[in-house]
Amino acid sequence: MHAPETSFPPSPAKPSDVVVSLVDLRLSYPSPEGEIAVLRGVDLAVRAGEIVAVTGPSGSGKSSLIAVVGGLETPTGGSVRVLGTALESADERTRTALRRRDIGIVFQAYHLVPAMTALENVALPLVLAGEEGGEAAAQAMLREVGLGHRMSHRPSSLSGGEQQRVAVARAFVAGPRLVLADEPTGNLDRRTGEHVAQVMFSLTRASGAALVLVTHDEALARACDRIVAIDEGRIVEERVVRDPVAAGARG
Ligand SMILES: Nc1ncnc2c1ncn2[C@@H]1O[C@H](COP(=O)(O)OP(=O)(O)OP(=O)(O)O)[C@@H](O)[C@H]1O
Ligand SMILES: [Mg+2]
């Protein structure tokens, strides 16, 4: 696997900064058979610079957790603070602004805009944020993920691994302080998945962002700093693999 070059400066966030704080987080959906409790009291804190794996069986609530932390779903109870903003009480405008400014999201199925080139897809968050110089930043980010030679390709003429690297570049281009990834390697073969994960880890380490990554892949989970196992909407196990702050201090 080749390491992407990390040319942009680390963010000023201190490693001890709490980026995500969940307290007794609950999420239910109404259904004809009554309420379905999907998240049933989740407590979790994620610090800047940390890479946290979320694992658990199908239907345990992992994607729902990502949706709530990303401000895409409103919890039915408890609190979800992202970079100091209480999302449970924030209005749609505040949530959208936080998402655009500070959060990057990568999905299993890439979710690229089919009619746009790789470059346009990556530049999109900057265009939406009304930032100048989006194209140059998007080009730099595509080179970062090893796709400098595929900038004008549309998603349909990119491989799965390439499409996911475009999605990773898009998630990181605006300098997010939190990146959420829901089974980002789930559609990829092992080798390609490892490459995509390695690109994500490298961008996360270089930027000082926090990364929360849902995965079914044991080896990928063990490569993270901490593993949080979910079952039936609750955290059932937490395991620290390494302390990123201490690891950083050792170099
Ligand atoms: N919009 C919805 N309305 C009703 N129930 C939902 C909705 N979205 C999810 N659920 C239910 O919530 C539960 C958790 O779903 P979720 O997608 O979070 O699971 P998951 O852990 O991501 O599973 P997988 O590993 O299969 O992706 C499931 O039982 C699902 O059926
Ligand atoms: Mg899921």
Side-chain angles (χ1 to χ4, degrees), residues 19-46 50-82 87-88 90 92 95-96 99 103-112 160-161 163-165 167-168 170-171 176 178-190 192-194 196-197 200-201 204 210-239 241:
V19 174
V20 178
S21 169
L22 310 178
V23 179
D24 196 25
L25 183 68
R26 289 163 190 277
L27 178 69
S28 315
Y29 291 110
S31 89
E33 294 82 37
E35 293 262 291
I36 303 176
V38 173
L39 297 175
R40 306 199 287 171
V42 174
D43 296 282
L44 182 68
V46 181
E50 247 194 316
I51 299 181
V52 176
V54 177
T55 63
S58 181
S60 57
K62 305 180 298 296
S63 295
S64 305
L65 184 70
I66 293 292
V68 172
V69 175
L72 304 167
E73 283 283 357
T74 307
T76 34
S79 80
V80 46
R81 277 188 168 269
V82 175
L87 289 180
E88 70 277 9
E92 191 48 46
R95 293 203 277 171
T96 304
R99 241 184 355 252
I103 304 179
I105 307 187
V106 181
F107 298 96
Q108 178 171 353
Y110 325 134
H111 290 208
L112 299 174
Q163 289 183 63
Q164 196 58 307
R165 280 185 283 150
V168 168
R170 181 182 58 185
L178 171 65
V179 175
L180 305 169
D182 193 352
E183 300 192 45
T185 65
N187 279 1
L188 307 173
D189 64 63
R190 171 160 296 277
T192 309
E194 279 174 2
V196 167
M200 290 190 76
F201 281 28
T204 302
L211 172 63
V212 179
L213 178 134
V214 172
T215 185
H216 280 113
D217 180 340
E218 256 299 309
L220 178 54
R222 280 197 308 270
C224 297
D225 300 323
R226 183 153 52 111
I227 303 173
V228 173
I230 297 195
D231 198 7
E232 297 187 347
R234 286 195 186 91
I235 293 178
V236 291
E237 196 193 339
E238 260 196 86
R239 188 148 52 94
V241 181

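In this chain, numbering begins with 1 at the start of the sequence shown. Read the numbers this way: they start at 1 and go in the same order the structure lists the ligands and their atoms. Below, each value reflects all heavy atoms present in this structure, side chains not excepted, and no hydrogens, waters or symmetry copies.
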Heavy atoms under 4.0 Å from ligand 1: which residues qualify? Y29, V38, P57, S58, G59, S60, G61, K62, S63, S64, E183, H216
Closer than 2.8 Å to the Mg ion (ligand 2), which protein N, O or S atoms? S63 OG
Determine, step by step, whether I230 and V54 satisfy the side chain to side chain contact (heavy atoms under 4.5 Å, CB included) criterion, reporting the C-alpha distance in whole Å, the side-chain angles of both residues, the deciding distance to 0.1 Å, and the verdict. CA-CA 7 Å; I230 297 195; V54 177; 3.7 Å; yes
Looking at side-chain heavy atoms only, is the closest gap between V241 and C224 below 4.5 Å? no
Could you pull out all donor-acceptor pairs under 3.5 Å where a side-chain atom in residues 33-46 meets a protein atom, sequence neighbours excluded?
unit_1	atom_1	unit_2	atom_2	d
R40	NE	E232	O	3.0
R40	NH2	E232	O	3.4
D43	OD1	D24	N	2.9

For F201 and L220: C-alpha separation, side-chain torsions, deciding distance, then whether side chain to side chain contact (heavy atoms under 4.5 Å, CB included) applies. CA-CA 11 Å; F201 281 28; L220 178 54; 3.9 Å; yes
Test salt bridge (charged side-chain N to carboxylate O under 4.0 Å, His left out) on R99 and E92 and set out the steps. CA-CA 10 Å; R99 241 184 355 252; E92 191 48 46; 3.8 Å; yes
Between D231 and P57 the two heavy atoms that sit nearest each other are OD1-CG, 3.4 Å
Atom pairs and distances, side-chain donor-acceptor, residues 178-185, under 3.5 Å, sequence neighbours left out:
unit_1	atom_1	unit_2	atom_2	d
D182	OD1	S63	OG	3.4
D182	OD2	S63	OG	2.6
E183	OE1	H216	ND1	3.2

Would R170 and Y110 count as a side chain to side chain contact (heavy atoms under 4.5 Å, CB included) here? Give the steps. CA-CA 10 Å; R170 181 182 58 185; Y110 325 134; over 6 Å; no
With side chains defined as the heavy atoms from C-beta onward, is the minimum distance between V214 and Q108 less than 4.5 Å? no
